[in-house]
Structure formats: structure tokens, C-alpha cells
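Please read the structure below before turning to the comments.
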Amino acid sequence: MTTPNDNLLNRELGLIEFNRRVMAQAEEERLPLLERLKFLCIVSSNLDEFYEVRVAWLKEAAQLTPNRILADGRTPGEVLAHLSDAAHDLVREQYRLLREEIFPTLRQQNIVFLRRNEWDHAHREWVRDYFFRELMPILTPIGLDPSHPFPRLLNKSLNFIVELEGTDAFGRESGLAIVQAPRILPRVIKLPAELSGGTAETFVFLSSILHSHVHELFPGMTVKGCYQFRVTRDSELNVEDEDVKNLRTALQGELRQRQFGDAVRLEIADTCPQHVEDFLTGTLNLSKQDVFRVDGPVNLVRLMQVPDKVERPDLKFAPFLPTLPRPLANKVPLFDAMRQEDMLLHHPFQSFQPVIDLLNEAATDPDVVAIKMTVYRTGTDSVLMESLIAAARAGKEVTVVVELMARFDEEANISWANRLEDAGAHVVFGVFGYKVHAKMLLVVRREQGRLKRYVHLGTGNYHPRTARLYTDFGLLTANEEIASDVNDLFVQITGLGHAGELKHLYQSPFTLNNMLMSAIDREIQHAQEGRPAHIIAKMNALLEPQVISALYRASQAGVKIQLIIRGVCALRPGVEGLSENITVRSIVGRFLEHTRVFYFFNDKAEDLFIASADWMGRNLFRRIETCVPILDAKLKRKVIKEGLKIYLEDNANTWEMQSDGSYRRRVARGRGRCAQEILLQEYTS
């Protein structure tokens, strides 16, 4: 048994803690009911990716390097054991909440999920018709025998294992069969209004329909039992440096295999007999700790469809209209406004439309000669990508750095890369071994006989949909020195050569970590000299050991450190003699907190940065990231207020981290203050 590192907390257990905070939103009775259902679904979606990536990595490490010591002092096997207990507790609570609170409360609101024992004659007739019309023609039952081995089940697909009795037409007595539900069919089906009494919204699960008619797939056989199950597989892509001559080609080959990686988790109905579970775990090479028996649908993510199928605005968050910066709201042309002053966009409270307009205008403006942009996640249907394609077809010099290794967006990015190339754009795939995670857009325009550059730098992806769901900052500027830095970064990524010195921007993997360490050391020096010293940082995750060690030193020197970290944090706050001057809080609310903001008091200079990077090893050393200072005094005050201080005052959605890695919800004393609601009111009232 290894000894845990007392100074660092485990990353994977921290992610489970984050999902507990998300699930607390589903428990929150003050939230609209359908939004509570969404939060419950988000937990399942998060756990899917968690098992596909983090648990898959741990299982591989436990097999290949079982004695390896991780950052927190545990071996992979020890982490897996702790993780299994925590994950099972979380899932049990999730399904209890669904069964005992969410479903009954939805029923009170006339949103009903009918169980099979509640179907009347009309329901059964409709379900029978649906089965023969929509399911039967495309279902493929597979009896398990020497000629039909266990099928290659797709990752996260809905499947049924069927116990049978009897002999078929060929004299076979298999006893077991597999039925895979087609992915093209919805998992939750809304019944016609005439079957719902006119007032209720009534749904049935696809699994219920298949259960009720599975015997039709095995004529002459007796169905002894039918049990839904779902297999989660290792979804990490393995592209080895020495084997790659063309990254796109290598990645396309890997993508074809992603759906059939090693199994890492089995979700199965809690009614499934033990001998059937044993058969599945043996076939899939899984252990008892990999099995989740659930009392309900095995894939709660599919319930995310329900709010869109229900016209009940009273059970959803009130819609809002994002605003524009004052110059753009006053109809000042975009390029003119950017020349006059820097503008900061705070999403989702402010609109993402100026970024879309910047690309649209650049694509059609005859004075624009070149556009350069990074693409990490942009979605399968993107107006931004269409604008780039239009610009390339119009004969402009369009350069797009497409990150092919953006996890779970690889296929969409390959498709966009192909379309961009077909339109005549220059497409590059970054630097092999370093993900391009920076968010940069550069437009070059000819004005009065000279070239003028316009820039957008952001903390979030170029994705209009997530810009309405995630909090992020974006800087629109025509500052020549910042624009020059951005251009140098594009040249560095697309070409070859040494990294030059930038005037304002810091970048990973070359200068960002050094800047952070120097800024922390400077605060330490000021504290030791008796001057005020203060660090505030907001990000998604804090894991990098060197940075954590520096923050511990700063705390010991008397620096006040306030961290706002949405997700996982490996630092232990509030430990006497180590980190008693550090507080860590997590905000979980309507919007996904995604901004990265770094503040250093620096003897009243108040250095302030927004960045694409978290304080993680991958962001600081294995990715290409940007960190830009906020130079304009007015915008600096805006970011300090809206990005930091309002969140430090939040007492509605704040969870305070304890030194053991657990979180305690902050209780409002007097008037409640919700940072996200305050910002919504300020921007939209």
C-alpha cells in the first residue's frame, strides 16, 4: 500500500466531486423542473466521457505499469478502487433522485413517463403498431452460438440480452441472444395527444416498447427474460509520432476503431440475473467494480431530449437576449469600432454575434486580403466555417489551423478541413504533439494604402451554441502590437523556426508557465517586504504540481490567494502551515463557468490576463495556448468586477473546497447573491 501525497489531491476523485456539485443542481427545488432534469442528464454525459477517457487510462496504467506512483501518491489500482466506490455512490443517488423526486414531480406537472404496467388498451395498441412499423424492420436479433459469436457492440449503444428457452427451426438451443437498438431511433417517444388525455405530455421509453414485443423477434421460442445494458469503451485515440506521415489519414483510421475500444464499464438493469451479468462481464473482460446496476433507463443522457419536446416555458429558465458592446449597439461599423477602442465580450450575457459579423464582413469586404483562424471545437454546423469557406472562394488568403485531435470533435474537424481545402483555403494541423488550443482570429484589411490588422482572442471555442451556455471572455482589438504577436504565433504554428519574443502575449509551451511562476514569485517578494500581495485566478482546473507548489510558497509568505475553480483542483486549501491563506471555491449554476482570468496585485499595478489555458500540465507544456493582458483601464475594471469580484461575492451557487477535497455549499447570510443572475440582470435589464 502506498502513502498518499498529503499536498496533492487526486484528479479523478476530484472529477467525481465536481459531478456531485452538478447533481446538486438537479436536487435544487428552486430551479425550474425541466432544468433540473437537464442537470441530471449532464451528470450522465460527464460520466460517459470520464469512463471513456480517465478511467480507461487508469485501467491501462494499472495493467501496464501497476506500481506506477501517480501525483497524489497512489497507484492506478488504488485510485480505481476508490473511484469505483465513489462513482457507484454517485450513480445510486442519481437514479434515486430520478425515481423518487424528478419523475413524480414531472407527473404532478402532467409530464408523464408511462411504465408498461400503466398502459391501457389504447396505449398497447399504439405501441404494438409503433413496434411493427418503426422497430421490427430494422432490428437484427443475434442468437449466440458457435456460428454467431458475441457481437461487436458499439460504444454506449443501447442493447438487450435475451434469455430464451426452446429449440428453433434449425434445432439450435442457444439460450441467449443480443438485440441492439438502432441509433437512428429516439430513446424517448412522445405519445400522440389523443392518448394523453389532452392535458398531459406522455412519453414511453424505447426500451419499454422493445421489452413488450421482444418475443416477436424469436417466433416459437419462450422469452424467459430481457435485460437492457450498455457498454462504455476506451475512446482515446492512439496516434504514435514515429508512425505518422499524414496525421489526417492516421486519425481517420483510428476513428473507425473508436466505437470498438476495450470495454471499461457495464451498465445493466438491476433485474438482470447474476448468471447473465457474469456472462457479460466475462465476455467483455470486466470486473465487478466495472458494473453499474441501475433501476431505470441505462442511458439518462437521452432524457436531455425531453425539454425540447415539451412546450412548458414555466418549467425552464427564462429566455434572454444577449446585448452588444455600446459602439456596436449604436450601429458603429465593426471595423471602425475596433479601430476606435478595444471591446470586451462577456458571453453569454453579451452576444457572440460580433465574432460572427467579423468573419462575415471579412469574407465579403473587398478590402480584406487575408484571414487567419484557429479551430478547436466549432460543431458540425458552423456559420463561422461557412464564412471562411466563402472567403476562400472569394479569393482571399485564408489560413485555418484545424486541431484534428480535439477529443470527440475529430470527425467534424476533418470534415471542415476537407471542405476548407476544397474551397482553396490553406489548412494546417498545428504542431504534431502539441494541441492547438489557442482561440485566435486575425483579419488583414487594406486601408488607405497600408495593411491594418484586426484581432479576436478568446477564452472559449468558436462555437455559437456553446457561447450561449458557457461563460467566456473575448477581446476585439486593433492594437498593432497585439495583432503583431498574433500574426507571429500563426507564422510559428504554420511554418518552421524558433519562437520569437512577443510584445504582449504569453504562450504555451514557451512563456506562459514562466510568466505565471514569475508573477507568483513577485507576490511572494512583496509579501515578504511587508507590502500587500494578492492573487485571484479563475479557471476550469488546477492540477500542475509546480504551480501548486508555488502557490503553497506564496501562502506561507502571507500572500492572499483566492481561487475560483469550476472543476477539479489538486491543491489543498486551508491547511495550517501550508495553505491557510488560500481559498478555493467552485461556481456551478445555469451556465458552465469557462473563463480563465488571472489577477496579480503587483504593488497596485493590478496585472490582469485572460487566457485559453487552465493551470494544468497539458495546457502549460503540451498545448499551444494564449494568454493576453487586458491593457485598457476601463476593460480591466470590467473584467476584475464581472469576472472575479462578483463571483467572490456569490453565496447562491458557490461551493467552498475543504482541505480533504470535499466541498461545502456556501449558505447565504441575508440577501442571496448569484453571480450569473446579477450579470444577466445587468446586461439584459
> Using the ring of each side chain (for Trp, its six-membered ring), is H346 parallel, tilted or perpendicular to F349, with breaks at 30° and 60°?
Replying inline: perpendicular

>> So which atom in G589 and which in Q676 form the shortest heavy-atom distance, rounded to 0.1 Å?
In response: C-OE1, 3.6 Å

> CD1/I493 to CZ/F429 distance, rounded to the nearest 0.5 angstrom?
Replying inline: 14.0 Å

>> Could you check whether K435 pairs with E403 (Lys NZ or Arg NE/NH1/NH2 to Asp/Glu carboxylate O, under 4.0 Å)?
In response: no

>> Quick check on D336: does its CG atom have over 12 non-hydrogen neighbours (other residues, nucleotides or ligands) under 6.0 Å away?
In response: yes

> Is there a donor-acceptor pair under 3.5 Å between the side chain of T595 and the backbone N or O of V597?
Replying inline: no

> Does some side-chain heavy atom of F490 sit less than 4.5 Å from a side-chain heavy atom of V486?
Replying inline: yes

> Roughly how far, to the nearest 0.5 Å, is CZ of F601 from NE2 of H526?
Replying inline: 9.5 Å

> Taking everything shown except Y470 itself, do over 12 heavy atoms lie less than 6.0 Å from its OH?
Replying inline: no

> With distance as the sole test, does D650 use its side chain to make a donor-acceptor pair with the main-chain N or O of A675 at under 3.5 Å?
Replying inline: yes

>> Could you measure the distance from the OG1 atom of T477 to the CG atom of L631? Nearest 0.5 Å is fine.
In response: 8.0 Å

> Stepwise, does the side chain to side chain contact (heavy atoms under 4.5 Å, CB included) test hold for F598 with L516?
Replying inline: CA-CA 9 Å; F598 315 143; L516 293 175; 4.1 Å; yes

> Between the main-chain N or O of H463 and the side-chain N or O of N461, is there a donor-acceptor pair closer than 3.5 Å?
Replying inline: no

> Which heavy atom in E52 sits nearest to a heavy atom in A56, and how many Å separate them?
Replying inline: O-CB, 3.3 Å

> What are the two closest heavy atoms between A570 and L543, and how far apart are they?
Replying inline: CB-CD2, 3.8 Å

>> Before you tell me yes or no, could you show the steps for H594 and D472 under side chain to side chain donor-acceptor pair (under 3.5 Å), namely the whole-Å CA-CA distance, both residues' side-chain angles and the distance that decides it to 0.1 Å?
In response: CA-CA 6 Å; H594 197 251; D472 273 304; 2.9 Å; yes

> Quick one: does S382's side chain have a donor or acceptor within less than 3.5 Å of a partner on M385's backbone?
Replying inline: yes

> Within 45° of the axis and under 6.0 Å from the centre of the six-membered ring of Y647, does NZ or CZ of R585 qualify?
Replying inline: no

> Do M657 and C569 come within less than 4.5 Å of each other through their side chains, counting heavy atoms only?
Replying inline: yes

> For K538 and T471, what are the C-alpha separation, side-chain angles and deciding distance, and is it a side chain to side chain contact (heavy atoms under 4.5 Å, CB included)?
Replying inline: CA-CA 12 Å; K538 185 173 186 288; T471 68; 4.1 Å; yes

>> If you define the side chain from C-beta out and look only at heavy atoms, does anything of D72 sit under 4.5 Å from N7?
In response: no

>> Show, in sequence, the C-alpha distance, side-chain angles and deciding distance for L505 and L502, and conclude whether the side chain to side chain contact (heavy atoms under 4.5 Å, CB included) test is met.
In response: CA-CA 6 Å; L505 266 63; L502 303 178; 4.0 Å; yes

> Do R453 and R445 come close enough that some side-chain heavy atom pair is under 4.5 Å?
Replying inline: no

> Would you say the ring centroid of F473 lies under 6.0 angstrom from that of F352?
Replying inline: no

>> Test salt bridge (Lys or Arg N to Asp or Glu O under 4.0 Å) on E523 and K560; report intermediate values, then the result.
In response: CA-CA 9 Å; E523 296 300 317; K560 181 181 180 181; over 6 Å; no

> Hey, is CD on E501 packed in by over 12 heavy atoms from elsewhere, all under 6.0 Å?
Replying inline: no

> Can a salt bridge be assigned to the pair R618 and E544 using a cut-off of 4.0 Å between side-chain N and carboxylate O?
Replying inline: no

>> Pairing donors with acceptors under 3.5 angstrom, does anything connect the side chains of H426 and E397?
In response: yes

>> Using a 3.5 Å distance criterion without hydrogens, assess whether the side chain of T684 forms a donor-acceptor pair with backbone atoms of L680.
In response: yes

> When rounded to the nearest 0.5 angstrom, what distance separates CG in N487 from CD in E480?
Replying inline: 9.5 Å

> Between CG of L358 and CE of M373, what distance do you get to the nearest 0.5 Å?
Replying inline: 9.5 Å

> Counting N and O atoms only, with roles assigned by atom type, does the side chain of K396 sit under 3.5 Å from a partner on the main chain of L388, one being a donor and the other an acceptor?
Replying inline: no

> Between F609 and Y506, what is the ring plane arrangement, given parallel below 30°, perpendicular above 60°, and tilted in between?
Replying inline: perpendicular

> Are the side chains of T583 and L648 in touch, meaning some heavy atoms are under 4.5 Å apart?
Replying inline: no

> Does D367 pair with K452 as a salt bridge, N-O distance under 4.0 Å?
Replying inline: no

>> Can you see whether Y552 has R572 sitting over its ring - NZ or CZ less than 6.0 Å from the centre and within 45° of the normal?
In response: no

> So, does T364 use its side chain to make a donor-acceptor pair with the main chain of N360 at under 3.5 Å?
Replying inline: yes

> Checking R419 against W416: charged group under 6.0 Å from the ring centre and within 45 degrees of the axis?
Replying inline: no

> Within a reach of under 6.0 Å around CZ of R553, are more than 12 heavy atoms found that belong to other residues, nucleotides or ligands?
Replying inline: yes

>> Here's a test for you: under side-chain contact (heavy atoms from CB on, under 4.5 Å), which of T374, L359, I356 qualifies with Y462?
In response: T374

> Looking at I582 and P573, what are the two nearest heavy atoms and their distance?
Replying inline: O-CB, 3.5 Å

> Between L644 and V639, is a side chain to side chain contact (heavy atoms under 4.5 Å, CB included) present by the stated rule, with each step listed?
Replying inline: CA-CA 7 Å; L644 299 175; V639 174; 5.6 Å; no

> Which atom pair, heavy atoms only, marks the closest approach of M517 to Q546?
Replying inline: CE-O, 3.7 Å

>> Tell me which one of N46, I565, V568, N540 satisfies side-chain contact (heavy atoms from CB on, under 4.5 Å) with F18.
In response: N46

> Has the side chain of D485 got a donor or acceptor atom that lies under 3.5 Å from a matching backbone atom of H504?
Replying inline: yes

> Which heavy atom of L542 sits nearest a heavy atom of M539, and at what distance?
Replying inline: CB-SD, 4.2 Å

> Do S612 and E625 have side-chain atoms, one donor and one acceptor, less than 3.5 Å apart?
Replying inline: yes

> After noting the C-alpha distance and the side-chain angles of Q507 and Q492, does the key distance pass the side chain to side chain donor-acceptor pair (under 3.5 Å) rule?
Replying inline: CA-CA 11 Å; Q507 64 171 133; Q492 186 186 115; 2.9 Å; yes

>> Donor-acceptor check, side chain of R21 to backbone of R566, threshold 3.5 angstrom: yes or no?
In response: yes

> CZ of F510: more than 12 outside heavy atoms within 6.0 angstrom?
Replying inline: yes

> Any cation-pi pair here, K439 with Y376, using under 6.0 Å and within 45°?
Replying inline: yes

> If only atom types and distance count, is the side chain of D614 paired as donor or acceptor with the main-chain N or O of M616 below 3.5 Å?
Replying inline: no

> Quick one: do the Q525 and E529 side chains pair a donor with an acceptor below 3.5 Å?
Replying inline: yes

>> If I take atom CG from residue D342 and atom NZ from residue K634, how far apart are they, to the nearest 0.5 angstrom?
In response: 9.5 Å

>> Checking E606 against Y599 for the side chain to side chain donor-acceptor pair (under 3.5 Å) test, could you report, in this order, the C-alpha distance in whole Å, the side-chain angles of both residues, the deciding distance, and whether it holds?
In response: CA-CA 7 Å; E606 295 192 295; Y599 167 93; 2.7 Å; yes

> Is there a side-chain contact between I610 and T459, using heavy atoms and a 4.5 Å cut-off?
Replying inline: yes

